[in-house]
Amino acid sequence: RNDILNYPPGPKPWPIIGSLHLLGQHSSPFEAFTVLSRIYGNIFSINLGSTPCVVVNNLDLIKEVLITKGGDFDSRPDFIRFHMLFGGNRNNSLALCDWSDLQKTRRSIARTYCSPRFTSLQYDMVANVGTDEITTFLHEIQKLPVNTPINIKPLVLKACANMFTQYMCSTSFSYDDEEFRKVVRYFDEIFWEINQGYAVDFLPWLLPFYKNHMKKISHWSSEIRQFILGRIIDDHRATLDYNSPPRDFTDALLMHLEEDPNMNWQHIIFELEDFIGGHSAVGNLVMMTLVSLIQHPHVAKRVQKEVDEITANSRAPSLLDKSMMPYTEAVIWETLRKASSPIVPHVSSTDTELFGFNIPKGTMIFINNYDLNVSSDYWENPNEFIPERFLSASGNVVKPNHFIPFSTGKRTCIGQRLVQCFSFIILATLLQKYDLTAEGKIDVKPGCVAVPPDCFKVILSPRSS
Ligand code: HEM
């Protein structure tokens with residue numbers, strides 16, 4: 001790369017591994033990027049294995065990559081793991097594919113359902129689905145012992161999964177359904193997997209050592225595919241009325257298949273799989289927020305006060321209460337800030353330039369949002385958990401421009417509204433009913449919104465009032 005005129009500066013790579021060793025010295029690769037940016041500047045180059053990468057570290061550069069020049073940086077990394085997760089071709093996945101006309105179409109079909117507007121029919125559907133599922137969820141929780149550590153994650157994930165399948169496919173499953181349990185677990189394994197970095201991503205010659213791991217990954221995804229086909233899509237196809245408006249997202253996808261010669265059957269299954277899989281992200285965020293609440297009991301008390309006031313202690317909270325419960329929403333934002341989940345790397349799809357530096361086609365771009373989330377340049381007392389930082393003087397939720405947990409621009413997250421709606425309803429309900437504690441200290445991985453599939457237990461104590 002040194003032969004490229006005006007390439008960003010960076011550490012001199014070692015043979016074979018490049019500068020991979022520099023990332024291992026910190027608790028997250030993004031922390032390492034922040035440290036390296038102090039030496040090489042806000043834009044620097046780094047070879048990971050033989051992959052040429054560029055890291056951008058401040059808001060102006062990040063906006064340049066994601067918005068101003070979004071079209072030049074709209075591809076994704078070509079990791080073997082990503083292919084394994086999506087039937088041998090990562091372009092089947094909405095989040096891991098390169099940009100294409102197909103992707104534009106898939107995003108636009110998804111938008112109505114996955115980004116429902118506040119006053120839309122879809123938003124009402126989200127609210128109803130949330131309320132119905134939360135009743136079942138509470139019923140299941142009540143079967144478990146109180147005042148003793150319980151494994152709450154599988155229940156949270158099942159509730160999220162049913163909210164997603166009910167909303168997107170008008171179908172939900174019993175918590176005792178063994179196939180459902182297995183598929184929810186596989187989705188969670190995949191979510192954890194996607195949030196990990198592996199040496200084999202950058203050193204593909206290590207592949208023989210990862211043979212079993214890769215086999216496991218493709219097994220999870222093929223089981224999920226069979227479930228979606230057999231338990232969701234087949235029934236929809238049999239009952240679909242092409243002359244009526246779509247009943248849900250699944251109908252909309254099936255109808256589109258008939259109209260668009262560029263869409264095929266595989267695309268439909270994978271798109272549905274991608275979006276149903278979004279439930280794992282919500283479930284994991286709920287788990288992360290539970291950690292925040294357990295670690296900061298005064299924050300939990302304030303959420304309880306808010307929910308008690310809004311519901312007058314006489315009814316269950318609903319999504320329609322969200323706009324009047326800014327503190328609870330701020331707790332979710334603060335959890336996302338502290339978790340500082342990375343933005344999926346982008347790749348340049350053409351030869352281009354950034355702030356005067358030449359960036360050849362195929363360069364992997366890491367967007368260091370870790371610095372945006374935890375640097376004292378952007379936040380007061382960044383290491384403290386302070387939900388109030390997201391509240392204005394009049395008590396409304398405000399998000400600063402530099403806070404972009406769902407990214408921004410052409411490839412921004414499509415599921416962020418669903419995340420806010422479903423996580424809110426679960427957390428408000430749990431806090432209304434229970435005090436939360438845990439045995440001992442809970443450790444979470446920095447720079448990651450995922451908690452391991454087998455994780456910490458939570459103690460639920462019914463609130464005395
Ligand atoms: C904790 C929850 C979540 C977080 C923090 C999150 C964050 C992100 C981020 C940072 C990106 C990358 C954007 C970019 O590369 O510029 C992304 C992409 C994406 N997210 Fe999410 N997300 C969450 C949940 C969801 C859910 C629930 C869904 C689906 C319902 C979803 C669907 C997607 C899709 C389809 C993309 C790929 C968009 C594209 O590449 O064109 N996400 N998300």
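We count ligands from 1, going down the list as the structure has it; atoms in each ligand are counted the same way. Predicted, not measured: the structure shown is a model, and the values here were computed from it.
Aromatic rings of Trp379 and Phe390 (six-membered ring for Trp) have centroids within the 6.0 Å cut-off, being under it. The distance between the ring centers of His219 and Tyr186 falls below 6.0 angstrom.
Heavy atoms of His346 found under 4.0 angstrom from ligand 1 belong exclusively to the side chain.
For atom 29 (C) of ligand 1, the closest non-hydrogen atom of the protein is Phe275 CD2, 3.5 Å. Among protein heavy atoms, atom 6 (C) of ligand 1 sits closest to Phe406 CD2, 3.5 Å. Ala95 CB, 3.9 Å is the protein heavy atom nearest to atom 36 (C) of ligand 1. For atom 27 (C) of ligand 1, the nearest non-hydrogen atom of the protein is Gly278 O, 3.3 Å. Atom 12 (C) of ligand 1 has as its closest protein heavy atom Val344 CG2, 3.7 Å. What sits closest to atom 32 (C) of ligand 1 on the protein, heavy atoms only, is Gly415 N, 3.8 Å. With respect to atom 10 (C) of ligand 1, the closest heavy atom belonging to the protein is Pro405 O, 3.5 Å.
For the residue pair Thr165 / Arg231, no side-chain donor-acceptor distance below 3.5 Å is found, with atom types taken as modelled. With 3.5 Å as the limit, one finds no donor-acceptor pair spanning the side chains of Gln420 and Arg417. Between the side chains of Asn151 and Asp454, not a single donor N or O lies within less than 3.5 Å of an accepting N or O.
Pairs passing the side-chain hydrogen bond (donor to acceptor under 3.5 Å, both in side chains) check and including a residue from residues 64-86, sequence neighbours excluded, read Lys69-Glu353, Asp72-Thr352, Asp74-Ser349, Asp74-Lys410, Arg76-His346, Asp78-His83, Asp78-Arg90, Arg81-Glu193, Arg81-Asp201.
Side chain of Ser221 to main chain of Phe86: no donor-acceptor pair is present (N/O by atom type, distance under 3.5 Å, no hydrogens or angles).
In Glu258, the CD atom is crowded: over 12 heavy atoms of neighbouring residues, nucleotides or ligands sit closer than 6.0 Å.
Contact check for Arg106 versus Asp274: no side-chain heavy atoms found under the 4.5 Å cut-off.
Taking only nitrogen or oxygen atoms, main chain and side chain alike, Ser407 reaches within less than 3.5 Å of ligand 1. Of the N or O atoms in Gln103, one or more lie within a sub-3.5 Å distance of an N or O in ligand 1. Any N or O atom pair closer than 3.5 Å counts here, and Arg411 shares at least one such pair with ligand 1. Some N or O of Arg107 is nearer than 3.5 Å to an N or O of ligand 1, by distance alone.
Each of the atoms 1 (C), 2 (C), 24 (C) of ligand 1 lies under 4.0 Å from some heavy atom of Ala281. Contact atoms of ligand 1 toward Arg76: 14 (C), 15 (O), 39 (C), 40 (O) (distance under 4.0 Å to a heavy atom of the residue). Atom numbering of ligand 1 starts at 1 in the shown order; those under 4.0 Å from a heavy atom of Ile343 are 10 (C), 14 (C), 15 (O), 16 (O). Close contacts of ligand 1 with Phe164, meaning ligand atoms under 4.0 Å from a residue heavy atom, involve 27 (C), 30 (C). Ligand-side atoms of ligand 1 in range of Leu94: 35 (C), 37 (C), 39 (C), 40 (O), 41 (O), range being under 4.0 angstrom from any heavy atom.
Taking 4.0 Å as the cut-off, Ser341 does not count as a neighbour of ligand 1 on heavy-atom distance. Not close to ligand 1: Asp274, with no non-hydrogen atom less than 4.0 angstrom away.
Of the candidates Ser115, Ala450, Cys413, Cys413 brings a heavy atom nearest to atom 43 (N) of ligand 1. Around atom 24 (C) of ligand 1, the closest heavy atom drawn from Thr412, Ile414, Asn284, Val419 belongs to Val419.
Using cut-offs of 30° and 60° for the angle between ring planes, the Phe406 and Trp333 rings count as perpendicular. Trp220 and His213 have perpendicular rings, their planes meeting at more than 60° on a 0 to 90° scale where under 30° would count as parallel. Under the 30°/60° scheme for interplanar angles, the aromatic rings of Phe30 and Phe366 are found to stand perpendicular.
Of all heavy-atom pairs between Pro387 and Tyr327, the closest is CG-OH, 3.6 Å.
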